[in-house]
Protein chains: 2
Amino acid sequence: MESEQVRGSVDQGDVTRANSLARSVFSDIADKWSLLVVNVLGDRTLRFTELHRSIEGVSHKMLTQTLRRLERNGLVERTVHPVVPPQVDYRLTEAGRDLRDTVNGLCGWARRHLDVIEEARRLHG
Amino acid sequence: MESEQVRGSVDQGDVTRANSLARSVFSDIADKWSLLVVNVLGDRTLRFTELHRSIEGVSHKMLTQTLRRLERNGLVERTVHPVVPPQVDYRLTEAGRDLRDTVNGLCGWARRHLDVIEEARRLHG
DNA sequence: CCGTATCCTCTCTGATACTG
DNA sequence: CAGTATCAGAGAGGATACGG
């Protein structure tokens, strides 16, 4: 992606690094659950169970995996409170909140093109 | 997503429809290959083989499947020229180009947060 | 409450070979 | 060139049970 920039004034090595990284990040966040988690979290701080309830259809396992991946990419911050029963809070980092704005754009896009999509599905479905 | 809007002035049924549709669209486009195809196509019109060459690592089969799905959702237009050898052109629809702008936002996001992501990966990797 | 591990199923993916 | 069909292996995802 952004292949035009290769010919631009940006440092070549930097661009290559950006491309491959962006690509691997895409692989990590471009899935349904990650996007939904980012959206649901928003500006709030939620516990594991609250997230689980908020995202319909996600399994315990998938939610855990998704949260670990998001944490690994610096999008989500995980806070463990040493109490019994255990309490763990999740919230978006700054990068995560920035991503959420972009994801909101995606939602806006879906809303704007509802009709086109539905018609296309009727035609080709 | 957009759950705040449920309490807003928008028609309730419309919101529900938008949410479930957005969700099913997400499932269809929120994958690596779809996003890459949308990005590579941009404003151009490309043939199957050109796309295949442009997107490193995609198999013949996956590219076909991805293009079918994108067509099914009204993001890509497929034009078959009745010549021998066959020639098939792919280009983004208006909805597709609109999506590409959003996806570009995603690329921009990745570029902006390169350092944060890399550091998070070092820490948690 | 939160997380991990195991098992089992089912889909996805790539390789290959074949049609128009 | 563009697309379909088939097959086998890999991997994702769900259910369940158990540990901190």
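Protein chains get the first letters and strands the later ones, always in sequence-line order, with residue 1 at the start of each.
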Chemist: Among all residues two or more places apart in sequence or in another chain, which pass the side chain to side chain donor-acceptor pair (under 3.5 Å) test with S34(B)?
Modeler: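 S34(B) satisfies side chain to side chain donor-acceptor pair (under 3.5 Å) with D31(B) once adjacent residues are dropped.
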Chemist: Report, one line per pair, each donor and acceptor closer than 3.5 Å where one atom sits in a side chain of residues 60-68 of chain B; sequence neighbours left out.
Modeler:
residue : atom : partner : partner atom : Å
T64(B)  : OG1  : H60(B)  : O            : 2.9
T66(B)  : OG1  : M62(B)  : O            : 2.7

Chemist: Which of these nucleotides, dT4(C), dT4(D), dC2(C), is closest to any side-chain atom of T64(A)?
Modeler: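 Nearest nucleotide to the side chain: dT4(C).
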Chemist: Does some side-chain heavy atom of L36(A) sit less than 4.5 Å from a side-chain heavy atom of V58(A)?
Modeler: no
Chemist: Rounded off to whole Å, could you give me the CG-to-C1' distance for the D31(A) and dG13(D) pair?
Modeler: 12 Å
Chemist: Please report the distance, rounded to the nearest Å, between NZ in K32(A) and P in dC12(C).
Modeler: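 K32(A) atom NZ is separated from dC12(C) atom P by 12 Å.
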Chemist: Just do the side-chain contact (heavy atoms from CB on, under 4.5 Å) check on R47(A) and V88(A) with the steps written out, would you?
Modeler: CA-CA 6 Å; R47(A) 303 179 56 173; V88(A) 181; over 6 Å; no
Chemist: Nucleotide by nucleotide, 5' to 3', does protein get under 4.0 Å of the base (B), only the sugar-phosphate (S), or neither (-) in nucleotides 13-20 of chain C, counting heavy atoms?
Modeler: BBB----B
Chemist: Take atom NE2 of H52(A) and atom C1' of dA15(D), then tell me their distance rounded to the nearest Å.
Modeler: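 Taking NE2 of H52(A) and C1' of dA15(D), I get 12 Å after rounding.
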Chemist: Whole angstrom is fine here: how far is it from CZ in F48(A) over to P in dG20(D)?
Modeler: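 That distance rounds to 19 Å.
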Chemist: Which distance, rounded to the nearest 0.5 Å, do you find between the CD1 of I29(B) and the CG of L70(B)?
Modeler: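 Interatomic distance, I29(B) CD1 to L70(B) CG, rounded to 0.5 Å: 8.5 Å.
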Chemist: Please state how far atom CD in Q87(B) lies from atom P in dG3(D), giving the value in whole angstrom units.
Modeler: 11 Å
Chemist: If we fit an axis to the first five pairs and another to the last five of the helix from dC1(C)-dG20(D) to dG20(C)-dC1(D), what angle do they make, to the nearest 10°?
Modeler: 40°
Chemist: For a quick test of reading the model: is some side-chain N or O of R68(A) closer than 4.0 Å to OP1 or OP2 of dT4(C)?
Modeler: yes
Chemist: Phosphate oxygens OP1/OP2 of dG3(D): is one of them under 4.0 Å from a side-chain N or O of Y90(B)?
Modeler: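 For dG3(D), OP1/OP2 do have a side-chain N/O of Y90(B) under 4.0 Å.
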Chemist: Taking only side-chain nitrogens and oxygens of R47(A), does any of them come within less than 4.0 Å of OP1 or OP2 of dC2(C)?
Modeler: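 Looking at the OP1 and OP2 atoms of dC2(C), one of them is under 4.0 Å from a side-chain N or O of R47(A).
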Chemist: Which is it for V116(B) and R112(B) under the side-chain contact (heavy atoms from CB on, under 4.5 Å) test, yes or no, and what are the steps along the way?
Modeler: CA-CA 9 Å; V116(B) 179; R112(B) 275 198 305 281; over 6 Å; no
Chemist: Give the table of side-chain donor-acceptor pairs shorter than 3.5 Å for residues 71-80 of chain A, with sequence neighbours excluded, one pair per line with atom names and distance.
Modeler:
residue : atom : partner : partner atom : Å
N73(A)  : OD1  : R121(B) : NE           : 2.8
N73(A)  : OD1  : R121(B) : NH2          : 2.9
N73(A)  : ND2  : D28(A)  : OD2          : 3.0
N73(A)  : ND2  : R69(A)  : O            : 3.2
E77(A)  : OE1  : R91(A)  : NE           : 3.1
E77(A)  : OE1  : R91(A)  : NH2          : 3.2
R78(A)  : NE   : Y90(A)  : OH           : 3.3

Chemist: For dG3(D), take OP1 and OP2 only and decide whether either is under 4.0 Å from a side-chain N or O of R78(B).
Modeler: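 Yes, within the criterion.
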Chemist: Take atom CG of L63(A) and atom P of dG3(C), then tell me their distance rounded to the nearest Å.
Modeler: 9 Å
Chemist: Could you work out, with side chain to side chain donor-acceptor pair (under 3.5 Å) as the rule, every residue matching R97(A), not counting sequence neighbours?
Modeler: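 By the side chain to side chain donor-acceptor pair (under 3.5 Å) rule, R97(A) matches no residue at all.
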Chemist: Of the non-hydrogen atoms in L92(A) and R100(A), which two are nearest, and what is the gap between them?
Modeler: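 In terms of heavy atoms, the two residues are closest at CD1-CB, 4.2 Å.
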